[in-house]
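Worksheet: one structure, shown below.
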2 protein chains.
Amino acid sequence: MATIKDVAQLAGVSFATVSYVLNDSMPVSEATRNKVLAAVTKLGYQPHRQGRNLQRQRTLTIGVLLPQANLLCEVDLATWLLEATNAATSAGYSLLLQPAESQARGDLADGWISFGTPLDPQLPQVWALAPPFDQPAVLCDAAFAAQRAVETLIHSGMQRIGLITLPRSIPGSARWYLGYRRALRQAGLGFDPGLVVEPAANRFHDGVAAYETLAASENDYDGLIVCGHQLATGVVMVDHAKVPVIVSHSSSQRGISGFRWPTELWAHTLVRKLLQQLDGAAIAHRTWLNPSLVIGSLGFKEDLDGFNYV
Amino acid sequence: MATIKDVAQLAGVSFATVSYVLNDSMPVSEATRNKVLAAVTKLGYQPHRQGRNLQRQRTLTIGVLLPQANLLCEVDLATWLLEATNAATSAGYSLLLQPAESQARGDLADGWISFGTPLDPQLPQVWALAPPFDQPAVLCDAAFAAQRAVETLIHSGMQRIGLITLPRSIPGSARWYLGYRRALRQAGLGFDPGLVVEPAANRFHDGVAAYETLAASENDYDGLIVCGHQLATGVVMVDHAKVPVIVSHSSSQRGISGFRWPTELWAHTLVRKLLQQLDGAAIAHRTWLNPSLVIGSLGFKEDLDGFNYV
DNA sequence: ATACTTTATTTAAACGTTTAAATAGACGAG
DNA sequence: CTCGTCTATTTAAACGTTTAAATAAAGTAT
């Protein structure tokens, strides 16, 4: 691999000059700049990160704290990581994966990001190395989605709204419940615990079972919210859209209303915010990204205007 | 952050001695060794990776080539990455994510891994930086699963076996088809294209549609193989187990036979193999990991012995 | 006791880069 | 023609390690 000295030798200048050209940290004459750049391209030179870091204190690396339990229940972690990698790469950075519980040196990376929605009280304990709260937090909250879903149903004339939640074993699941209750409270509607069902797990047939539990109870409902890909698939299968249904993911079933989660934007925003912070910019501590509700064609009255059909 | 010089000063020795103690690369007297170790623990010293690397040519980092299209169709990429991270961390390494298409310096990491099953002819083009073929490949092949599924059904007396494949847009999907045909050929059974259905996508209702296409055709079948989580869920829902069914993932539905994919073992094995190779060991170029077939309670005759019930 | 071997420790160079300080060169002003 | 100023370039130190070579200390054989 070509070093900066090779470039300097080929260009016939000292290697400090090469450094100045590449970082333009000092004025360099047009002639030598061209000589250097020619040598750089000829040798295919790329600076050696470890060497650079020794002096500059920049690893050009962003650390990702990876908890053993996946804290992302609404979006796909793999997609999130891929997009974060893309965002970092286009800024010249790389992503470094580290278990959240490990005791790695903090200066292994220039900054650390993490994901999930660190709003549930029991979540912080997951982070051992560095609490994500010190970092720029970009949040995408299911409570917002739940609230929006309830408000939409109310706006459409519903009064008794059922909720099939995520099982509480899933981190962050409580956000749905919180948003649901908050929306009811703000709308002045009472809370009926009989309208809320918590399935055993987030699987297809748990959704079916939860739905049947709700249907079999004496509690009448005129609208329904279902959390979780698998659960929603099961519910939608047996429900036949007798009442308006809003599910957590818009792709779950054609025609059903659901949310689109901004996975890519989330990852990109978080990486960008961190890089801005590293450059010394004072940034907002918390940025909220909202999932958008995609109104489907099934289960809603025709006159449902004022919403974002997609 | 404490450096090796701080440790040396506190222990009252030269910093070379500290290095010798920590790497035990030279004999050191018991007395000084203790002094040094005491200083190390007192200061909480951890060696600075970038500094070490400059000399040693070891970044203690394993690069992961991340293609834009997820090549893993059978296992969850997020789990795979988490387990690879765990394996690397326990060996003192970190994982560095890099887009497969990027032109990063090869010496950014000590070695590179990638995943997927690079056996489909159209796959290699995805890898720009370094073809995974130079690295220790740990493969977990869907063709094996398909073959095993067909063999199991044949062994159980079936003759005309249906296949609902993954849509060809999914990388690696062809492996199922290949295994299916190979098994038929080896068993001396003819291939009937009417028994194979390719859905439009890997979604719940595509599974239902594919099943109905197969059922509506004049082609009789006495066993069925279904690929893909979502597809299988849909198929199993409408099928009611009239014939023995084997799906790609054992967790899809209770009682249905399916495969358990060794995600964790896969990631750990790949990382371990790479580390062994870095240590100079000559290792097998390709290691095969096989998914295990979990025979369910539905759809098989009672006398199905000789198989691994789980 | 002297010379030689062995063992423990230190000195110093090296890795690839950045950057402060020194130097050389060109230009104007006196 | 000399001095000072400005600009372009080089020299050298520094970053945190490893490791080859040098040195010191101790032990063994003569």
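Quick caveat, the model's predicted, so the values are computed rather than measured. Just so it is clear: chains get the letters A, B, ... in the order the sequence lines come, proteins before strands, and each one is counted from 1.
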query: Between dA8(D) atom P and Asn34(A) atom CG, what is the distance in whole Å?
result: 14 Å
message: Rounded to whole Å, how long is the line connecting atom NZ of Lys5(A) with atom P of dT17(C)?
response: 9 Å
- prompt: Do Trp176(B) and Glu74(B) have side-chain N/O donor and acceptor atoms under 3.5 Å apart?
  reply: yes
Shorter than 3.5 Å, N or O on both sides, protein versus nucleotides 19-28 of chain C: list them out with atom names.
from: dA20(C); atom 1: N6; to: Tyr20(A); atom 2: OH; distance (Å): 2.7

field: Bend angle of the helix from dA1(C)-dT30(D) to dG30(C)-dC1(D), from helix axes over five pairs at each end, nearest 10°
entry: 70°
field: Members of residues 42-52 of chain A that approach DNA chain D, where some heavy atom sits under 4.0 Å away
entry: none
task: Could you tell me whether the side chains of Thr59(A) and Asn53(A) share a donor-acceptor contact shorter than 3.5 Å?
output: no
task: Using the side chain to side chain donor-acceptor pair (under 3.5 Å) rule, collect all pairs that involve residues 30-47 of chain B, keeping only residues at least two apart or in two chains.
output: Ser29(B)-Thr32(B)
message: Quick check on side-chain contact (heavy atoms from CB on, under 4.5 Å): which of Val7(B), Val28(B), Val13(B) does Val21(B) satisfy it with?
response: Val28(B)
- prompt: OP1 or OP2 of dT11(D) sitting under 4.0 Å from any side-chain N/O of Ser14(A)?
  reply: no
query: With respect to the side chain of Arg105(B), which nucleotide from dT17(C), dT9(C), dT17(D) is positioned closest?
result: dT17(C)
message: Suppose we screen for side chain to side chain donor-acceptor pair (under 3.5 Å). Which residues come up paired with Ser94(B), at least two apart in sequence or across chains?
response: Gln98(A), Arg49(B)
query: Can you find a side-chain donor-acceptor pair between Glu264(B) and Asn86(B) that sits under 3.5 Å?
result: no
Pull out every protein N or O sitting under 3.5 Å from an N or O of nucleotides 26-28 of chain D, one pair per line with the distance.
none

